Amino acid sequence: MNSYNPLEIENKWQKEWRKGRLFNTKISDSKNKYYCLMMFPYPSAALHVGHGRNYIIGDVAVRYKMMKGLNVLTPMGWDAFGLPAENAAIKGGAHPKDSTLHNIQRMKEQLKSWGVEFDWEREVTSCLPDYYKWTQWIFLKMYEHNLAYKKKAFVNWCPSCNTVLANEQVIDESCERCDSKVEQRDLEQWFFKITDYADTLLNDIEKLNAWPDRVKTMQKNWIGRSRGVNIDFPVEGSNLKLTCFTTRVDTIFGCTYMVLAPEHPLLETLIADNPGKEKIMKFVQATRNESHIERSGLNTEKKGVFTGRYVINQMTGKKIPLWIADYVLMEYGTGAVMAVPAHDQRDFAFAKKYGLDVEIVINNPTEKLNASTLQQAFEDTGILINSGHFTGLDNETAKEKIADYMEKNNIGKSAVHFKLRDWLISRQRYWGAPIPIIYCEKCGTIPVPEKDLPVLLPDCVEFLPTGESPLKNSQEFVNTSCPKCGRKARREIDTMDTFVDSSWYFLRYISPKENNKPFITDDVNKWLPVDLYIGGVEHAILHLLYSRFITKTLYNMGHIGFNEPFKRLFTQGMIIKDGMKMSKSKGNTVSPDDLIKKYGADTVRLYTLFIGPPEKDAEWSDKGVEGAYRFLKRVWTIQETTVNENKNTEETDKQLLRKMHQTIKKVTMDMEGDFHFNTAISSIMELVNEIYSFKKNDETYACSKECLNEVFKNLILLLAPFVPHLAEELWENLGYKNTVFKESWPIYNEKMTLTDTIIMPVQINGKLRGKIEAMRGMKEEEIKTMVLDDEKLKPYFTGAIKKFIVIPDKLINIVM
Ligand code: ANZ
Ligand code: ZN
């Protein structure tokens with residue numbers, strides 16, 4: 001037998017799988033379907049072993065499900081539009097299209113060399129016209145159903161990338177990509193009306209019972225539903241009134257001032273007669289340039305200015321000062337807040353800074369509070385004090401009673417507000433799908449007719465960012481004619497956020513070459529929802545929320561028959577190197593290429609899977625790879641073993657078979673459960689050790705040939721999803737003609753997993769006093785002797801034994 005030569009066998013089997021079309025799925029056959037989706041990557045640069053973990057986990061799941069007899073669909077594609085390719089191009093490299101397509105080739109080769117197989121006939125690439133044509137179609141459908149609109153909005157602006165950023169692309173007030181400080185700008189932008197779906201997106205989270213709880217919680221918090229009351233405050237000396245939203249109406253008697261957002265629409269009217277209005281407007285202007293994240297942060301110092309006006313708290317009849325403060329955002333609630341310094345920390349800090357009144361209206365049950373010595377707001381629950389005839393109520397009851405009272409007396413109204421904002425989808429950048437809109441001087445905003453899709457992205461464009469989309473400079477692109485009246489018209493020059501591209505790609509995989517439709521309704525209805533979606537937790541909020549949203553809109557429009565896209569979600573942990581997340585910018589990446597050349601893909605796969613529970617972060621170590629390689633060589637060598645058949649092997653066979661059944665059980669449970677491949681692999685390693693423990697110095701086994709063959713055969717099947725090339729080769733060497741992935745997953749026999757020794761508890765006068773280890777089916781007399789001789793039990797035998805009851809294989813009961 002040859003020694004283990006991974007490169008040779010890996011090459012051979014990768015070719016075989018493709019020749020045998022093992023991963024090419026027939027969509028027409030949806031019986032026992034299993035759709036396994038892995039987040040499609042951004043083709044920025046070569047993959048490192050951290051990326052690899054994602055796809056290796058997916059590949060194991062796919063191969064396992066195949067062996068379980070399911071008809072598995074495993075497609076792959078490229079999230080190919082977006083900033084990095086464009087930024088790289090600006091730095092003097094190739095055209096984004098060339099570099100992107102080049103990277104795709106490179107990454108595809110890497111996936112193949114890992115032995116990670118996909119149905120490549122279904123490949124989608126979001127920057128190619130046959131894909132983005134349908135992204136534009138999605139936009140048109142959204143527009144048609146009033147779910148896409150344009151408005152002026154304050155947006156995060158990166159002055160260096162010269163583009164709008166989504167909130168989550170802003171990290172510590174800086175641009176995620178280039179670290180420049182982010183500004184706020186008021187710009188015309190396109191939005192998708194995701195807020196119309198806030199309630200459904202929130203409620204349907206309950207249905208996602210195979211999603212990780214923490215992802216569900218992140219989605220809930222992002223949607224952020226709050227129930228409370230909108231309260232009216234009349235403005236003194238005018239017939240205006242200001243409405244504020246509060247979730248703590250129980251604290252209304254402690255409201256000592258009111259605060260408006262600097263962007264509040266009534267602000268200029270309110271300060272019109274104020275001689276100091278210029279100073280106020282200066283403050284307003286300055287605040288508007290700060291990022292929202294900075295303004296509302298818990299630890300940033302709050303700034304404000306008095307408007308000179310007062311409003312009436314209708315519950316107390318008192319007039320309270322009206323302020324403007326940076327910590328109030330126009331985008332949330334009503335843009336006005338009733339401030340209760342005694343019970344809200346932000347209000348407390350603000351009141352202390354500007355010398356505003358503090359009035360305690362909730363009693364701290366453990367310590368009497370004093371307004372003049374209060375060190376921080378008391379935000380807990382308690383009993384109302386100083387609150388008119390609501391005094392004495394606990395604050396939850398008070399919330400209801402006060403809300404009722406306000407509704408009856410026209411002071412306020414129950415209200416629900418969401419944190420979720422509409423989805424800003426326009427980008428002032430080149431490398432994205434053009435928004436299919438035309439502006440005609442006569443007809444206004446006109447959507448591009450479906451028959452004219454795609455609106456092609458021109459190749460020759462000067463794409464240096466200027467703050468406006470580079471498409472502006474392409475005359476051939478901008479100038480067009482109005483689809484309605486035929487007059488000269490201009491095209492929209494903004495492109496779409498790449499999150500739009502990725503919000504529907506899982507539908508396209510089912511019929512990727514379809515020319516007349518984005519997808520075939522009947523087929524997607526058969527194959528979706530996706531059975532298993534694997535990806536990084538960094539997409540736990542936006543990508544998943546947007547995909548759910550687009551799915552729900554298409555469902556409501558009648559294009560698909562399901563309203564949640566992903567049945568089960570699995571988020572894998574990151575690979576850490578030198579204490580940091582592996583990434584190109586940190587310079588701590590490990591390339592799989594050299595490792596695969598040196599040890600083979602199976603070793604790299606095994607190590608990656610063995611490194612820890614797949615949902616947790618794990619530290620990479622090159623030494624560990626060496627260990628995985630040694631293990632596979634050990635497995636390889638089992639096939640060379642000869643057996644001494646003269647031995648009496650009944651007992652040892654039984655022992656080895658028991659270990660085998662135990663291993664099958666353990667591995668199967670790990671595969672079916674939380675994908676704990678690491679513990680599955682360690683139990684396989686134990687089985688291999690057990691096999692080796694029968695190895696004698698004379699290179700023979702003390703078990704029978706039949707037994708060893710049986711165990712080895714099942715060992716190969718168990719290993720197949722993890723180290724597929726090695727498994728195929730060993731399988732072939734055993735004389736099998738078919739690929740191991742057409743074999744059934746091994747089945748264990750529960751009875752055969754049981755050990756022959758059993759632990760029996762010993763009760764003395766009804767109390768558990770100890771345990772003994774007995775053999776299954778041991779005679780009563782033998783057990784009695786064992787118990788009486790047991791050193792630990794001896795101290796309890798102080799009197800005469802009245803009864804000695806043995807319940808066979810279970811329990812011993814002694815009465816003294
Ligand atoms: C009075 C009050 C007293 C409040 C108290 C809290 C505690 P959630 O739960 O996140 O929805 N608020 C309302 N609109 C705001 C805005 N545009 N900008 C900043 N803050 C705003 O938060 C609702 C609470 O956040 C509201 O309840 C309001 O302060 C504040 F002891 O009203 B509260
Ligand atoms: Zn027109």
Side-chain angles (χ1 to χ4, degrees), residues 154 167 195 198 202 220-233 242-267 287-288 290-298 300 302-304 311 313-316 320 322-351 356-364 369 371 374 376-387 390 394-396 398-399 402-403 406 411-421:
F154 273 97
N167 280 342
T195 51
L202 185 71
K220 279 184 199 159
N221 292 342
W222 190 261
I223 297 168
R225 186 181 195 272
S226 283
R227 253 185 45 141
V229 182
N230 280 347
I231 308 175
D232 291 336
F233 288 75
L242 290 167
T243 305
C244 74
F245 171 63
T246 181
T247 48
R248 291 292 309 271
V249 70
D250 53 310
T251 63
I252 180 72
F253 288 86
C255 166
T256 55
Y257 65 101
M258 184 174 191
V259 229
L260 295 183
E263 298 86 359
H264 199 283
L266 286 178
L267 189 70
T287 324
R288 283 184 179 187
E290 285 173 20
S291 85
H292 285 177
I293 300 134
E294 183 174 7
R295 278 170 53 181
S296 49
L298 260 183
T300 40
K302 310 291 175 273
K303 294 187 292 282
V311 298
N313 179 345
Q314 299 189 74
M315 294 299 283
T316 60
I320 54 174
L322 178 64
W323 283 67
I324 306 165
D326 58 354
Y327 69 93
V328 181
L329 305 176
M330 196 56 225
E331 280 70 33
Y332 188 58
T334 59
V337 172
M338 64 173 237
V340 185
H343 303 292
D344 179 284
Q345 189 54 34
R346 293 190 301 184
D347 298 344
F348 182 80
F350 192 84
L356 296 157
D357 289 349
V358 177
E359 263 168 43
I360 295 164
V361 292
I362 309 282
N363 203 19
N364 181 349
L369 303 175
L374 203 61
Q376 63 181 58
F378 173 69
E379 295 185 328
D380 275 0
T381 53
I383 305 291
L384 266 64
I385 53 174
N386 304 325
S387 296
F390 300 99
D394 69 87
N395 57 349
E396 285 311 312
K399 272 185 193 172
I402 296 178
M406 286 182 165
I411 297 173
K413 240 189 149 78
S414 293
V416 170
H417 289 274
F418 290 92
K419 292 245 156 50
L420 185 67
R421 298 278 77 96

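Ligands are counted one by one from 1 in listed order, and the atoms in each one are counted from 1 as well. Computed from a predicted model, the values in this text were never measured in an experiment.
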ask   = For the residue pair Val328 and Ala336, what are the closest heavy atoms and their distance?
value = CG1-N, 4.2 Å
ask   = Can you name the ring-ring contact (aromatic ring centres under 6.0 Å, His included) partners of His417, sequence neighbours left out?
value = Phe245
request  = Name all residues meeting the ring-ring contact (aromatic ring centres under 6.0 Å, His included) criterion together with Tyr327; count only those two or more places apart in sequence or in a different chain, and write none if there are none.
outcome  = Phe350
query = Just by modelled atom types, is the Thr243 backbone N or O under 3.5 Å from a matching donor or acceptor in the Thr334 side chain?
reply = yes
task = Mind jotting down which residue pairs meet the salt bridge (Lys or Arg N to Asp or Glu O under 4.0 Å) criterion with at least one end in residues 247-257? Sequence neighbours excluded, please.
result = Arg248-Asp250
query = Is there a side-chain hydrogen bond (donor to acceptor under 3.5 Å, both in side chains) between Asn395 and Thr381 once you walk through the steps?
reply = CA-CA 6 Å; Asn395 57 349; Thr381 53; 5.0 Å; no
inquiry  = Residue by residue, ordered by chain and number, which ones reach under 4.0 Å of ligand 1 with a heavy atom?
reply    = Ser226, Phe245, Thr246, Thr247, Arg248, Thr251, Tyr327, Val328, Leu329, Tyr332, Val337, Met338, Val340, His343, Asp344, Arg346, Lys419
